[in-house]
Each structure stands twice: as structure tokens, then as C-alpha cells.
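Order of appearance sets the numbers: ligands from 1, and atoms from 1 within every ligand. Along the sequence shown, residues are numbered consecutively beginning with 1.
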Amino acid sequence: MDKIRIRGGRPLSGIIAISGAKNAALPLMAAGLLTDDRLVLTNVPHLHDIGTMRRLLAQHGITVEPVDAEGRVLALGGAITNTMAPYEIVTEMRASILVLGPLMARCREAQVSLPGGCGIGSRPIDLHLKGLEQMGAVFRLDGGYVHGSAPQGLKGATIVLPFASVGATENILLAATLADGRTVLSNAAQEPEITDLCDCLVAMGARISGIGTGTITVDGVPRLHGATHAIVPDRIETGTYACAAAITGGDVFLRHGRIDHLGAVVRSLGECGVEVTPGEGGFSVRRVNRLIGIDVITEPYPGFPTDMQAQFMAMLSVAEGASMITETIFDNRFMHVEELKRLGARINYHGASAIVRGVPRLSGAQVMATDLRASFCLVLAGLAAGGETTIGGLHHLDRGYETPAEKLAACGADIERVSG
Ligand code: UD1
């Protein structure tokens, strides 16, 4: 099993190029099920999850082929030959559920495995199912699979989400593009990845208004066609490297980083005493004085993202004074606390809130990644810690971060990936 080895204490300095967003790429790939035509996606990140979605689509009959030598441009195309999403793939990647809406819209049936347990909390799909039910789908559970059917096809509906779920918004949107009539989705999630999905669907011939707001209206069309779409830069990867610059007292330019997608994160960095300066094609992040402790509450976009919570906890563990972090999106997203404590962090948590009492310095140790974002929180802590830190459980990191060791080493970090 590979590990990352870090000798901490070096300020980062240089340029980090941000990749395309994983959480945009996955629903965009699912949109490939909505047409037999060629859908070309550019700025595709090199990540394990992209390979998983590729395998899932392949077994539905959709080929996903690289168009360029580097594999940054993928062409999707072909007819759906199978409407079942198997347990083996869905359990590996929960975003597999995003094939449900497109399959129901195009084939009037789908069999998708229930994803099962998850490391960061209970993650039901009831909102996905209820939304599609309002559009005329009928679901039954059998053998661990959700069996959906809509013999009359999907019909437009007025749907109010009780919680602005990202995945449910995406699934309903994907389905609504080909439904009969108008769908109005209220309390829709407003994450930039959803705007990116809508932009691509419009390029494919979908009729959508209210893009980027909490009320999205979709007028169904009989068919969609091919398009070419560039995937939005990854705001979570951007925010993560901003934390890397901050925790090491460095100065890094985040090329392609979209500051406009990181309002709450940039505000919080500012409160911590980190300088964020917009530039040409990105922005720079620099810290001179000691970090200052702050309070953070995770919320749906445009609030502070849950996917940045663990990285901020690492940063705040060396800030001056106490910080309180409250997690409102997932019910078990403090798994990284015990690992951070192994590096000397002083953190207590109860329920949804954690108190972080900043220490002057962390010290290196062996730790284990517990989930995707938690894995990078340990990398950040390792970058700031004295001595050597080794991080195991890298399959989490590989799901969502493209060549992190290389990107950090290019800015002066003493970091390497070692096997065994
Ligand atoms: C997406 C992101 C993930 C991010 C999350 C919240 C992708 C591939 N993943 O996940 O990185 O952390 O948004 O920003 O884009 N819920 C229900 N019922 C449902 C659906 C969700 O109760 O049917 C609850 C979940 O249990 C969770 C909360 O809603 O507590 C947020 O989930 P959701 O916004 O759906 O996140 P995902 O789409 O799974």
C-alpha cells in the first residue's frame, strides 16, 4: 500500500495549477446518457472517480474515449444497452446514483444498487427518489437494488426539496431535460458544479432558466444532442491548496482558481489573517503573521463548504486561540480529529461541533486517511508539522486529488509518495 511521506516545516512558494472539478465532471459524464450523440468534455481531471464513472457508463453501453494524448478531453457516445448500475461500482462511488435520473428519462426504467454505508455519515437517496416519483416514476426496493419504472414516461412537476441536496438537484435536473412538460425545482442546490451542469445541458439543447439560483425551471424537450463543454476548475482543490499556502506560511498562486466560487472560504481565510489577492487567471494566497482562530459553520453553497471543513480544521489546529467548527451537512464528518490528535492537535468534539485549541506546532507521526477530504487535512497538518509524517489510506486521496505530491513538491514541499 502506498504512503505519502512528508518532512514538514517548509513554506510553500510557487504556482499550483488547479484541475477540473471532480464534482462537476461526474454529473457531466452522467449527462452522456441523455443522448446517443457525442458529448465532448474538456479539462477532465485525472482521478480514480473518473475511471469509476467511465466503467459504470461502459456497462450501460456508453463509451468514454480520450480524444487527446493526455486524456484531458473525453468523448462520450453510444446507445444505452443496459439499465442496471451494479453494486460493485455504486458501492465504490456514491455519485454513481447520478445515472438514475438519465436512465429513467431515456429508458423509462432503471435498476440502481443502493449505495450502502458511508464514512462521513448517513447518506440516504430519498430526495432523489421522491423528486422522480413526483415526475411519475415508481420505485420498489428488491435485493438491495432500487427498481424504477415510468411506463408512461416522466412528466414535468413542481418539486420543493426539503433540503438543498446537490445530488438530488442534479438527478432531477438531468431527468427533467427530457420529461414531458415543465419542471420547477425549488430550494435547488446552487453549487457552481450545478451551474456547470446546466450550462452543458443547455449546450445539448435543454431549455433551462433560473440557472445558479434556488429555483430552476426546466421545459422538457423530446431529445438532446451532442456538445462540447469545458469542466469548471475545482473550487475544493483550489481551497485546499489555499490552506496549504496558509498553514505553511507560504505564498502560492493558484492558476485557474475561481475566487468567485470561494466567497465563504476566502472570507474565512481573511479572518484568519491570510492575504488573498486576485490576479490574472487565478489568485494568490499568502500568510505572513500567525494564523488567528475563527469559528466556521458548514452550509450549502454559498455558505462554507463541508468539503473544506477538514482542511480548515488542520489549519486552525496551529492558529492562535480557540476555534469552533460546526458541521451541519453530514452527521459523522469528524473522523479526522483522532488522526490530527496523533500529530499533537488539541481538539474536542461533541455532536456537530468541535473546539480546536491552537497549538504553536504540530509534530510528525504516522496517520491514516479516513475519507477523501480528511486525507488532505492530514497532508496539510504534515506540511506544517515538525519532523516526518506518513499518511496511509491513499485510495481516498486518489479519488479526488490529482497528483497532490507533485503539485506540492513543485512549490518546495518535502513530500513524496512511497510504495510499501
Ligand atoms: C455532494 C458532493 C460532496 C459534498 C456534498 C455536500 C458530489 C459528487 N459530491 O454530495 O462532495 O460533500 O455534495 O456539499 O458532488 N440527503 C438526504 N437525502 C437525499 C440526499 C441527501 O437526506 O436524498 C442528505 C445527506 O445525507 C447529507 C446532505 O443531505 O447529509 C447533503 O447531501 P447532498 O447535498 O445530496 O450531497 P451529495 O450530492 O451526496
Discussion item. Could you check whether any side-chain heavy atom of D37 comes within less than 4.5 Å of a side-chain heavy atom of R223, counting everything from C-beta outward?
Written reply: yes
Discussion item. I want to know if ligand 1 touches E191 in the polar sense, i.e. an N/O pair below 3.5 angstrom.
Written reply: no
Worksheet entry | Evaluation steps, side chain to side chain contact (heavy atoms under 4.5 Å, CB included), between K407 and Y401 | CA-CA 10 Å; K407 288 187 182 188; Y401 288 97; over 6 Å; no
Worksheet item: Between E327 and R373, does at least one N-O distance fall below 4.0 Å, as a salt bridge requires?
Response: no
Discussion item. Check this for me, if you would: do R333 and D307 make a salt bridge, where the nitrogen-to-carboxylate-oxygen distance has to be below 4.0 angstrom?
Written reply: yes
Worksheet item: At under 4.0 Å between heavy atoms, which part of R373 makes contact with ligand 1: side chain, backbone, both or neither?
Response: neither
Worksheet item: Do the rings of F334 and Y349 sit parallel, tilted or perpendicular, given the 30° and 60° boundaries?
Response: tilted
Discussion item. Taking K22 first and then E193, would you say they form a salt bridge - that is, a charged N and a carboxylate O separated by under 4.0 Å?
Written reply: no
Item to complete: Using distance alone, determine whether L127 and ligand 1 share an N or O pair under 3.5 Å.
Response: yes
Discussion item. Using heavy-atom distances only, which candidate in P27, A24, G167, A21 approaches atom 38 (O) of ligand 1 most closely?
Written reply: G167
Fill in: Any R94 heavy atom less than 4.0 Å from ligand 1
no
Discussion item. Are any of the N/O atoms on T306, whether in the backbone or the side chain, positioned under 3.5 angstrom from an N/O atom of ligand 1?
Written reply: no
Practice prompt. Please indicate whether any nitrogen or oxygen in D307 is less than 3.5 Å from any nitrogen or oxygen in ligand 1.
Written response: yes
Worksheet item: Take atom CZ in R417; do more than 12 heavy atoms of anything else shown fall under 6.0 Å from it?
Response: yes
Worksheet entry | Closest to atom 1 (C) of ligand 1 (judged by heavy-atom distance), picking from V166, T328, D126 | V166
Discussion item. Would I329 count as a polar contact of ligand 1, with the cut-off being nitrogen or oxygen pairs under 3.5 Å?
Written reply: yes
Discussion item. Quick test of your reading of the structure: of A95, P124, P162, A168, whose heavy atom lies closest to atom 16 (N) of ligand 1?
Written reply: P124
